[in-house]
Amino acid sequence: MREVVVIGGGAAGMMAALYALRSGASVTLLERNEKLGKKIYITGKGRCNLTNVAGETEFMGNIVRNPRFLFAALNNLNNNDVMDLFEGLGVKLKVERGGRVFPESDHASDITRGLDRELHRLGCRVRLNTRVSEILYEEGRAAGVLLETGEKLKADTVIIATGGQSYPTTGSTGDGWAFAEAAGMDTKPAIPALTPIETEETWPYALSGLSLKNVRLTAPGPKKKPLYSELGEMLLTHFGISGPLALSASSYLPEESKGAKLILDLKPALSDEQLDQRLLRDFKEMSRKQIISVMDGLAPHALAMEILGLCGIEPTQPVNGVTQEMRASIIKNIKRIELTVKRLRPLTEAIVTRGGVSVKEINPSTMESKKVPGLYFAGETIDIDALTGGFNLQLAFSTGALAGQNAAQEEL
Ligand SMILES: Cc1cc2nc3c(=O)[nH]c(=O)nc-3n(C[C@H](O)[C@H](O)[C@H](O)COP(=O)(O)OP(=O)(O)OC[C@H]3O[C@@H](n4cnc5c(N)ncnc54)[C@H](O)[C@@H]3O)c2cc1C
């Protein structure tokens, strides 16, 4: 019977342990925290959006980095398999808007408890308050781990599932980077992703708390195709922008994001010409009013004031004196408001980490290191990340399951 040690009791580590046990191994799961799945408790605002019912093509489209590397893992355990697995563990699920899957109870703790119960039923040795400080090697193979206490644990195979570097208070402080680098493996630097964006422009600060619905945010690319362009909701904050569109855009920005431009379209349903026609109609109807009265019909008052500020037009400007240039400027500052990235909010606030162990160093069919036999990786510690909607947890579950199965069955 293979002796498997799994480092990290998050989504990926628990799933790795479960699949290693189901594949007949003897498994020890090591978690530095006082409980398993600390990050799972805060996912989906405490409700845990554990996967998404999206079909294969749509699902792959929501993976930002290295989707091709994940084909085998997702083939082996896809979203339907994850749902069946949890239902089988007695956790009833429900599907919400956007195909997001949650436990019916709305309690993230049900997901962790379901896995925890099954691990104990299958005889997993779970050791809490146990931090691994080094991987041990024998004749070029992973052969066990050294704990912070100095204790050594021998193993036939070792799975590193120590997570990314976001929300480090949950225990994911990036130990996987150090373990991989010590093994001579290549890593990509940790960068915040799915995180709010600070802007150089200060006008959003003044409108902090304002939610913009049905707008389009675009991150232009070096070529014609933008890096990112989506319709949806965005929030203005005291440092810049947040909300679904800003979080997603952050994942697509260049690694060096400072100075990158974003374009906000407040009226994506109208072309420039249609907006111009609308302005002309409003001007006719309100010819004796001030321009702010027209703008109030196009945007919330505070935002309308800012738009006029960007145009350099006084809100008291009489409508019957608006020039063609002024109209063009209004259209530009409604359809193409330029925002400049000052910086991304840090890892402490990021939902996921971009970067991690290079996928070039890992066999996608097994999750084993190509350099070090017996050493496996799973979850966010790998250079993979996806958009919000349950995709990141699914990737943790899928890579965990594949690593667990293979670590349990490796020919020594
Ligand atoms: C606020 C927030 C909300 C989110 N909501 C969602 C959501 O609704 N849906 C979704 O799909 N994704 C969501 N995510 C992302 C998702 O939670 C992660 O992608 C996923 O949990 C990663 O799982 P993991 O097992 O790879 O890492 P983690 O969950 O970070 O687990 C790693 C574990 O390893 C342990 N560890 C680290 N180093 C050591 C060591 N040296 N020795 C022993 N143990 C160690 C850590 O304590 C930790 O428990 C959210 C993230 C955040 C921060």
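Start at 1 and go down the list; that is how both ligands and their atoms are numbered.
- Looking only at protein heavy atoms, the nearest one to atom 40 (C) of ligand 1 is Asp175 OD2, 3.6 Å.
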Show, in sequence, the C-alpha distance, side-chain angles and deciding distance for Trp203 and Ile337, and conclude whether the side-chain contact (heavy atoms from CB on, under 4.5 Å) test is met.
CA-CA 11 Å; Trp203 66 264; Ile337 304 179; 3.5 Å; yes
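- Considering both main-chain and side-chain atoms, Val132 comes within under 3.5 Å of ligand 1 through a nitrogen or oxygen pair.
- The part of Thr170 lying near ligand 1 is the backbone, judged by heavy-atom distances below 4.0 Å.
- Annotation: atom 17 (O) of ligand 1 to nearest protein heavy atom, Thr43 CG2, 3.2 Å.
- Among all protein heavy atoms, the one lying closest to atom 18 (C) of ligand 1 is Glu380 OE1, 3.0 Å.
- When the heavy atoms of Gly8, Ala12, Gly171 are ranked by distance to atom 37 (C) of ligand 1, first place goes to Gly171.
- Close contacts of ligand 1 with Ser172, meaning ligand atoms under 4.0 Å from a residue heavy atom, involve 30 (O).
- In the model, Glu148 has no side-chain atom that pairs as donor or acceptor with a side-chain atom of Ser133 under 3.5 Å.
- Checking each of Lys335, Lys332, Arg336 against Asp272 for a side chain to side chain donor-acceptor pair (under 3.5 Å) leaves exactly one that passes, namely Arg336.
- Looking at ligand 1, you won't find any N or O of Leu50 less than 3.5 Å from one of its N or O atoms.
- When only non-hydrogen protein atoms are considered, atom 9 (N) of ligand 1 lies nearest to Asn49 O, 2.9 Å.
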Tyr205 vs Phe239, test: ring pair (Phe, Tyr, Trp, His ring centres under 6.0 Å). Steps then yes/no.
CA-CA 6 Å; Tyr205 310 178; Phe239 53 76; 8.0 Å; no
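- Side-chain N/O atoms of Asn76 and Gln405 include a donor and acceptor closer than 3.5 Å.
- In this structure, Lys38 falls outside the shell of residues with a heavy atom less than 4.0 angstrom from ligand 1.
- No hydrogens or angles considered: a donor-acceptor pair under 3.5 Å links the side chains of Lys261 and Thr340.
- Inspection of the Thr173 and Gln165 side chains reveals no N or O donor paired with an N or O acceptor under 3.5 Å.
- When each atom of ligand 1 is checked for a heavy atom of Ala161 under 4.0 Å away, the hits are 32 (C), 33 (C), 34 (O).
- The atoms of ligand 1 that sit less than 4.0 Å from any heavy atom of Ile7 are 40 (C), 42 (N), 43 (C).
- A cation-pi arrangement is absent between Lys92 and Phe86, since the terminal nitrogen or guanidinium carbon is not both under 6.0 Å from the aromatic centre and inside a 45° cone about the axis.
- Atoms of ligand 1 found under 4.0 Å from any heavy atom of Ile42 (numbered from 1 in listed order, with element): 1 (C), 3 (C).
- Under 3.5 Å, the side chains of Asp175 and Thr162 contain no donor-acceptor pair of N or O atoms.
- Closest to atom 49 (O) of ligand 1, if we only count protein heavy atoms, is Glu31 OE1, 2.7 Å.
- Thr157 and Glu410 share no donor-acceptor pair across their side chains, judged by distance under 3.5 Å alone.
- With a 4.0 Å cut-off on non-hydrogen atoms, Leu30 touches ligand 1 through its backbone and not its side chain.
- In terms of polar-atom proximity, Leu393 is counted as a contact of ligand 1, with an N or O under 3.5 Å from an N or O of the ligand.
- When only modelled atom types and interatomic distance are considered, Ser229 and Arg216 share a side-chain donor-acceptor pair under 3.5 Å.
- Per-residue contacts place Gly379 under 4.0 angstrom from the following atoms of ligand 1 (heavy atoms of the residue considered): 26 (O).
- Scanning all protein heavy atoms for the shortest distance to atom 44 (N) of ligand 1 gives Arg32 N, 3.2 Å.
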Please lay out, stage by stage, how Glu380 and Thr353 fare under the test side-chain hydrogen bond (donor to acceptor under 3.5 Å, both in side chains).
CA-CA 7 Å; Glu380 215 182 298; Thr353 308; 3.2 Å; yes
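- The distance from the CG atom of Asn406 to the CD atom of Glu368 is 8.0 Å, given to the nearest 0.5 Å.
- The proximity of Ser166 to ligand 1, defined as any non-hydrogen pair under 4.0 Å, does not occur for either the backbone or the side chain.
- Shown in contact with Phe391 at under 4.0 Å from a heavy atom are these atoms of ligand 1, numbered in order with element: 11 (O).
- For atom 8 (O) of ligand 1, the nearest protein heavy atom (residue, atom name, distance) is Gly44 N, 2.9 Å.
- Taking 4.0 Å as the cut-off, Thr130 counts as a neighbour of ligand 1 on heavy-atom distance.
- For the residue pair Glu3/Ser26, the side-chain donor-acceptor check at 3.5 Å is satisfied.
- At the top of the distance list for atom 50 (C) of ligand 1, counting protein heavy atoms only, stands Ile351 CG2, 3.4 Å.
- Below 4.0 Å from some heavy atom of Asn392 lie the following atoms of ligand 1, by number and element: 11 (O), 12 (N), 19 (O).
- Salt-bridge check for Glu31 with Lys35: failed, with every basic side-chain N at 4.0 Å or more from each acidic carboxylate O.
- Atom 28 (P) of ligand 1 has its nearest heavy-atom neighbour, among Gly164, Gly13, Ala350, Gly163, in Gly163.
- In the vicinity of Gly10, heavy-atom distances shorter than 4.0 Å reach the ligand 1 atoms 25 (O), 29 (O), 31 (O), 33 (C).
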